[in-house]
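So the structure is just underneath, and the comments pick up after that.
Naming convention: chains lettered A, B, ... in sequence-line order (proteins, then strands); numbering from 1 in each chain. Side-chain atoms are counted along with the backbone in the values below, which use heavy atoms only and exclude waters and symmetry mates.
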There are 2 protein chains.
Amino acid sequence: MNLKELSQILGISQTTVSRALNGYPEVSEKTRALVNAAATQYNYQPNTKARGLATGKSKMIGYVLPKASQNEMPNPVFGDFIAGAAQTYGKQGYDTTITLTENDKQAETYRNLHAKRSVDGVIMQAPKENDERISILKKLGLPFVVHGRSTGSNDYHFVDVNNTHAFARATNFLLDLGHRRVALINGDENLDFAIRRRHGYLQALEDRGLEIDTGIMFSSEMTEEFGYRTMTKLLTMQSRPTAAVLSSYIMAIGARRALGENGLRIGKDFSIVIHDDALSYLPNGSTHPVFTATRSSVGEAGRLCAEILLDIIQNPEQKPRQIILEAELVVGSSTGPAPKHD
Amino acid sequence: MNLKELSQILGISQTTVSRALNGYPEVSEKTRALVNAAATQYNYQPNTKARGLATGKSKMIGYVLPKASQNEMPNPVFGDFIAGAAQTYGKQGYDTTITLTENDKQAETYRNLHAKRSVDGVIMQAPKENDERISILKKLGLPFVVHGRSTGSNDYHFVDVNNTHAFARATNFLLDLGHRRVALINGDENLDFAIRRRHGYLQALEDRGLEIDTGIMFSSEMTEEFGYRTMTKLLTMQSRPTAAVLSSYIMAIGARRALGENGLRIGKDFSIVIHDDALSYLPNGSTHPVFTATRSSVGEAGRLCAEILLDIIQNPEQKPRQIILEAELVVGSSTGPAPKHD
DNA sequence: AAACACATTCAAAGCGCTTTGGATTTATAT
DNA sequence: ATATAAATCCAAAGCGCTTTGAATGTGTTT
């Protein structure tokens, strides 16, 4: 069913039918009712491509997912992130399109997305320091919101967690409990968020005049496996740490496995604070938290990104909206006072 | 840059430029070279909507994600599933669009997707028994491939794991080790895959003439939390099981946590076999498996779905292609002989 | 009853592409 | 040289919608 057919059935011009359906005022309520009834009856929905061509808008939001060529690891938080956004999009009639691309071809992908006019705006994820994608998107004039931040430029819209503060608090929490050697198990430190987390960690140590030991600072893609291997390594050290801050729940699962295999009790023999993205399938306890954590919902961040993006698509030229979410520190049973002897 | 502008720059008609770019034979190699050079120079990319309108194809594959209204849980395997597919799509110039929808409005969403002509085909996920979506998609004439199966109808394309067989093997593996009370911690048994897994589990027990105890069979959404709670419950039972088969790694993480808290050693005091979707961020061990598992890569399934879908979009009317993947049984350290006394 | 404003409707143009059918040029056969 | 075939190119139509600008109908004012 298309507009022409529908208008013929009704014996009304296409113009009027289109206007009736789109809520324009210059059409009598009587005809509008007639048109609406017919539209529901035949389940008429305007062809998106035709409408897009005519209006110059695509009503599509793009997500470009970098796919590191070596391991093709999709981000485990992506599902939650986009789920938070999708509801907002749906309500305003936008759809979502995702494009996977080689890590080093992201810029090209954005350029093409824009050249093909297939999206009205994009959400950019996992920014690096001085991320070139930002300047490219700005040059293209394609509306975009960054999930995270990129140190280097400053005039763009973003939603980020206060990672520095979160990790400073996490580290301080452990130091307050008497821990003196606290390890860092971080995400890939090419990424801005991980850099900030390390800053927060270092800052807390420095504030107390504690020595920095790069031998107990680790950084990689955040898999269970990496958490396991790193914790295993930590436990074999001469003067081994009594605590660690970890950048993700997934890694903490691996770390816990390593502790278990070594007969160490989490929260007693070894303390852990994690950052918890509040993933739906991985709730950090329902009654009380399993892991002591800095918590910030990635679904919520996704929702905020979506709202800002839709807003700037409709009203461009507004000054950068920059939201920094404070993570809450929730205390679970993965932390305790530093063991007396070690 | 659009076709008109490009053709004016070249001093050639739009027809010829279009044909040159699309590889049609009726254009001299000389002009084709000229056109291609100019296209790259100005980064000309045909407007997707205009092209779609003209060709009647959208070059879009749709994924409809049911969002259970109560908990909004996005599927943790979705990222891997779509990553496997996206490469195939990209190579053939297709893009991916995902639509989140209320669980009970999926049928409507498919109908609308088709009415708006915004996709050339869809991948359907998480089928139930006698899933109404299948008959709707068939009626609409929208090409589709199901990830999983739906008992009830049989004439559609799908890619599924042999869940029955996998869980029969998993259960038998435990029975062979001397376990007599084996629990089942399953996914939501409204879903077809979970029904089949239960069948496999029951079949193995029945084959040995063992009693079925519905008191140690559980089913719910597959979260860490559910795994934890269920295992905790199992451990308080009078005649408690010595082993369990679990439908997901995520749940097993919760189960392991419960075991740890109770001072039980996994693989010694309690044995576990899981189903492992081979998620990229949750590898089941690198050198040797952590959990004994029936393993089948969901990324691979995604890739297969994509290939079939593109094929049937291009050549409709072929007889249903139905792929059943056999899960491999990998032996890890989460299983061992049944404890002597309990 | 004429003149005007306002409400309602419509025909047609245009969005940027593909593709049909025809026109023009060039090569080949008679 | 002429007829025929093949190669190459192009103007214009059409995909299904929105929107402009004009036309028609209705009600109000004088």
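Judged by closest nucleotide on DNA chain C, B/Ala50 is the one of B/Tyr24 and B/Ala50 placed further toward the 5' end. When the nearest nucleotides of DNA chain D are assigned to B/Ala54 and B/Thr15 by heavy-atom distance, the more 5′-ward of the two goes with B/Thr15.
With respect to B/Arg32 and B/Glu29, a salt bridge is recorded, a charged nitrogen being found less than 4.0 Å from a carboxylate O. A salt bridge links A/Arg303 with A/Glu300: the closest approach of a Lys/Arg side-chain nitrogen to an acidic carboxylate oxygen falls below 4.0 angstrom.
Looking at A/Arg149, A/Gln322, A/His147 one by one, the single match for side-chain hydrogen bond (donor to acceptor under 3.5 Å, both in side chains) with A/Asp160 turns out to be A/Arg149.
Between the side chains of A/Ser280 and A/Asp80, a donor-acceptor pair is found at a separation under 3.5 Å.
With contacts defined as side-chain heavy-atom distances shorter than 4.5 Å, the pair B/Phe78/B/Gln125 qualifies. Two residues are said to be in side-chain contact when any heavy atoms from C-beta on lie closer than 4.5 Å; A/Met124 and A/Tyr156 fail this criterion. For the pair A/Ile324 and A/Phe158, the minimum side-chain heavy-atom distance is below 4.5 Å.
Aromatic ring orientation, A/Tyr63 versus A/Phe81: perpendicular (interplanar angle above 60°, classes split at 30° and 60°).
Running 5' to 3' along DNA chain D, contacts with non-hydrogen atoms of chain A at under 4.0 Å begin and end at D/dG16 to D/dG21.
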Expected rows: protein N/O vs nucleotides 7-9 of chain C N/O, under 3.5 Å:
residue : atom : partner : partner atom : Å
C/dT9   : OP2  : A/Ser28 : N            : 3.2
C/dT9   : OP2  : A/Thr31 : OG1          : 3.0

